Structure formats: C-alpha cells, structure tokens
Amino acid sequence: MQEGYEDTAEEYGVTIDVQATDSDTDTTGQLDILNNMLVKDYEAIAVSPLTEDCLISGIVTANQNDVKIITTGNEVNEDTLKEAGGKIDAKIAVDFYNQGVMGAQYIIDKMEGKGQVAVIAGNEGATQSDARRDGAKDTFEDAGMDVVAVEQCDFDAQKAYDAAAAILEANPDLAGIACGNDDMALGVVRALEEKGVKEDVTVVGVDFTEEAKAAIEEGTYDASVAMSPYLMGREAVIIMLKALEGQDVSKVGDSTPMAVVDAGNVGQMTDWH
C-alpha cells in the first residue's frame with residue numbers, strides 16, 4: 001500500500017508521508033500518528049483505522065482544521081463519529097467478508113465439505129478482522145462443516161501458533177484452518193509442521209505477502225487470498241486529490257481485485273502487488 005501511495009503521489013507531483021504503527025493492535029500509537037500529522041500542513045489524510053473507534057477524536061480535529069479525511073479498507077463507526085461531530089469525506093471499501101468466504105471455500109472444496117475446521121482471527125473490533133472471521137465461520141457452517149474453534153489471535157504469528165497447537169491437541173482430526181492473515185497462517189503452519197500433521201490440515205490465509213508467496217512455492221503453505229493493497233494506495237491518492245479539488249467523492253466503490261493463490265497459479269502472480 002505504501003508503494004501505491006508513493007508511486008501515485010510522484011506521478012501526480014504531490015508530496016506524501018506514509019506512517020504506520022509497529023503492530024496491528026497499537027490503537028493509541030495510531031491516534032498519536034494522526035494527531036501529529038494534524039499539526040503539520042497536510043491538506044488531506046488517508047487512514048486505515050485499526051478499530052472502528054480508535055481514530056474518532058483525531059478525525060473530528062481534522063474536520064475542524066478543514067483537512068480532508070478518507071478511510072482506506074478499514075472503516076470507522078460512522079454513527080459514533082457523527083455523534084462526536086465528525087465526518088469522513090470518502091471511504092474506499094474492501095469486501096473483507098468475501099475474503100473470509102473465499103478462504104473457507106477453498107478448504108471446503110479441498111475437503112469435499114467434510115471434517116473439522118477452525119478459524120484464527122485477528123484483533124477483535126477491527127473491520128477486516130471481524131469480517132474475515134465471520135465470512136469464514138459462516139461459510140464453513142453453511143457447508144455443514146464442524147467449526148471446532150474460533151480464536152482471536154491479534155494478527156500475531158506466535159499467538160496463532162499457540163492457538164493452533166491447542167486446537168489440534170483437542171481435535172486431532174482437524175482438517176482445515178482459515179486464518180485472518182498470512183502472518184498468523186504461517187504461525188499455524190509452523191505448529192502443524194512441528195506436530196508432523198501439516199499434510200493432513202489445509203491452511204489458508206489472507207494478504208499474499210512475500211513470505212506467503214515463498215511458502216506456497218515451497219509447498220509448505222496451501223493458499224492465500226490475495227488483494228491489491230498497491231491499487232488501494234493508488235486509489236486513495238487520486239480520491240484525496242479529487243476531494244481537494246472540491247469534487248464529490250462520498251460515493252467510492254471497491255476497485256480492489258481479489259484472487260485465491262495456491263500452488264496451481266502462484267507462478268502467474270509474479271507481478272502482483
């Protein structure tokens with residue numbers, strides 16, 4: 001996403017500053033970043049809130065300073081924001097629920113709809129985390145599969161490793177695990193490998209990171225739901241520029257493509273970003 005922001009800003013001749021927290025759970029740190037940006041001369045800011053409520057006060061301040069605010073992917077609770085006297089100028093939505101559906105469906109197809117499955121989710125309260133979790137869980141249940149566990153692991157590989165080990169201990173016939181991102185999925189893979197059962201359990205994540213791509217190519221990781229954060233960053237810059245021109249950007253669609261990547265098509269994804 002950072003590359004998408006920076007390349008597009010260069011293309012349009014504008015200055016951009018991209019900052020992020022060190023973890024997906026540092027909500028206080030993310031608000032600090034936004035507040036620090038607001039004392040500088042930025043005219044528009046794109047945010048990807050870690051939770052629906054963590055940036056409310058900063059967005060209200062941005063509104064008061066006439067700084068355009070758009071959300072990319074993750075959303076804010078607009079009812080709470082409205083009650084606080086704030087608004088966003090645009091949002092780039094992503095169908096995170098469908099990412100969960102796609103990952104679960106891959107496991108269902110591979111297992112022919114039979115067996116025990118589990119869901120490893122990210123941090124509770126985050127748009128993408130909750131939607132991916134619910135998409136996977138609903139899809140498993142609709143297919144008649146036995147969902148034996150749903151664990152919140154905060155997008156942390158070690159927490160996912162620990163959770164997978166415990167789930168497997170309690171459910172030795174486990175057939176598949178749908179994970180909310182690749183970091184957690186690779187933690188799960190490590191746990192399964194150490195127990196010598198990786199061949200028996202299908203693991204799917206989301207994001208198609210470089211590490212995920214390498215693991216799929218090596219044959220240690222089954223699949224990842226790929227999206228294009230690069231294009232999301234690009235779209236965000238364009239929307240911010242349109243907002244600064246006074247255009248109505250309140251209705252923005254989801255232009256982020258998605259695909260399930262496994263050993264069968266990973267070779268075609270060399271230029272995906």
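None of these values were measured; they are calculated from a predicted model. Hydrogens, waters and symmetry mates play no part in the numbers below; they use all other heavy atoms, side chains included.
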Could you tell me whether the side chain of Val94 reaches within less than 4.5 Å of the side chain of Gln128, counting heavy atoms only?
no
Just do the side-chain contact (heavy atoms from CB on, under 4.5 Å) check on Asp7 and Arg234 with the steps written out, would you?
CA-CA 8 Å; Asp7 289 354; Arg234 175 175 176 78; over 6 Å; no
I'd like to know if the side chain of Gln152 reaches the main chain of Gly122, judged simply by a donor and an acceptor atom lying under 3.5 Å from each other, with no hydrogens or angles considered.
yes
Tell me, do Glu141 and Val147 make a side-chain contact under 4.5 Å, heavy atoms counted?
yes
Answer yes or no: is there a donor N or O on one side and an acceptor on the other, between the side chain of Asp89 and the main chain of Ile69, under 3.5 Å?
yes
Main-chain N/O of Asp262 paired with Asn265 side-chain donor or acceptor, under 3.5 Å
yes
So does Lys198 have more than 12 non-hydrogen atoms from other groups sitting under 6.0 Å from NZ?
yes
Under a 3.5 Å distance rule, please check whether Ser224 uses its side chain to pair with a backbone N or O of Ala226 as donor and acceptor.
no
Can you name the nearest heavy-atom pair linking Ile239 to Ala90, along with the distance?
CG2-CB, 3.7 Å
Go through the side-chain N and O atoms of Tyr106 and Asp222 and say whether any donor and acceptor fall under 3.5 Å apart.
no
State whether the number of non-hydrogen atoms from other residues, nucleotides or ligands found under 6.0 Å of Glu43 atom CD is greater than 12.
no
In this structure, which one of Glu217, Glu210, Glu211 forms a side chain to side chain donor-acceptor pair (under 3.5 Å) with Lys213?
Glu217
Let's go through Lys159 and Glu151 carefully: what are the C-alpha distance in whole Å and the side-chain angles of both, what is the deciding distance for salt bridge (Lys or Arg N to Asp or Glu O under 4.0 Å) to 0.1 Å, and is it a yes or a no?
CA-CA 9 Å; Lys159 289 182 180 179; Glu151 297 289 342; over 6 Å; no
Ion pair Arg133/Asp130, N-O distance below 4.0 Å:
yes
More than 12 heavy atoms from other groups under 6.0 Å of CD on Gln247
yes
Can you tell me if Gln99 and Asp95 form a side-chain donor-acceptor pair at under 3.5 Å?
no
Below 4.5 Å, heavy atoms only, C-beta onward: do Pro49 and Thr127 meet side chain to side chain?
no
Say whether Thr25 and Asp154, considering side chains only, have a donor N or O and an acceptor N or O under 3.5 Å apart.
no
Check the pair Leu31 / Cys54 against side-chain contact (heavy atoms from CB on, under 4.5 Å), numbers first and verdict last.
CA-CA 7 Å; Leu31 179 59; Cys54 68; 5.9 Å; no
Quick check: does any side chain N or O of Ser129 sit under 3.5 Å from a backbone N or O of Asn123, one acting as donor and the other as acceptor?
yes
Is there a side-chain contact between Val101 and Asn98 (heavy atoms, below 4.5 Å)?
yes
Measuring only between side-chain heavy atoms, which start at C-beta, is Leu241 closer than 4.5 Å to Glu245?
no
Taking Tyr42 as the starting point, is it possible to reach Val47 by hopping between hydrophobic residues whose side chains are less than 4.5 Å apart?
yes
For Thr209, does its backbone N or O pair with a side-chain atom of Asp207 as donor and acceptor, under 3.5 Å?
no
Show your working on side-chain contact (heavy atoms from CB on, under 4.5 Å) between Asn74 and Phe96 and close with a plain yes or no.
CA-CA 9 Å; Asn74 293 357; Phe96 293 119; 3.7 Å; yes
Could you go step by step and tell me if Glu78 and Lys82 meet the salt bridge (Lys or Arg N to Asp or Glu O under 4.0 Å) rule?
CA-CA 6 Å; Glu78 292 190 53; Lys82 186 176 180 180; over 6 Å; no
Quick check: closest heavy atoms across Asn63 and Gly85, and the distance to 0.1 Å?
OD1-O, 4.5 Å
Specify the closest pair of heavy atoms between Val188 and Cys179, including all atoms of both residues, with the distance to one decimal.
CG2-SG, 3.9 Å
Any luck finding a side-chain donor-acceptor pair between Asp53 and Thr51 under 3.5 Å?
no
Are side-chain N/O atoms of Gln30 and Asp26 paired as donor and acceptor at under 3.5 Å?
no
Test item: Val266 and Phe208 side chains (from C-beta on) under 4.5 Å apart, heavy atoms
yes
Using a 4.5 Å cut-off on heavy atoms from C-beta on, say whether the side chain of Met1 contacts that of Ser48.
yes
Would you check if Ile108 and Gln105 make a side-chain contact, meaning some heavy-atom pair closer than 4.5 Å?
yes
List the atom of Gly205, the atom of Ala185, and the distance in Å for their closest heavy-atom pair.
CA-CB, 4.1 Å
Do you know which two heavy atoms are closest between Ala178 and Ala136, and how far apart they sit?
CB-CB, 4.0 Å
Ignoring hydrogens and angles, tell me if any N or O in the side chain of Asp156 forms a donor-acceptor pair with the backbone of Gln158 under 3.5 Å.
yes
side-chain contact (heavy atoms from CB on, under 4.5 Å) evaluation trace for Ile45 with Leu38:
CA-CA 9 Å; Ile45 300 176; Leu38 290 171; 3.9 Å; yes
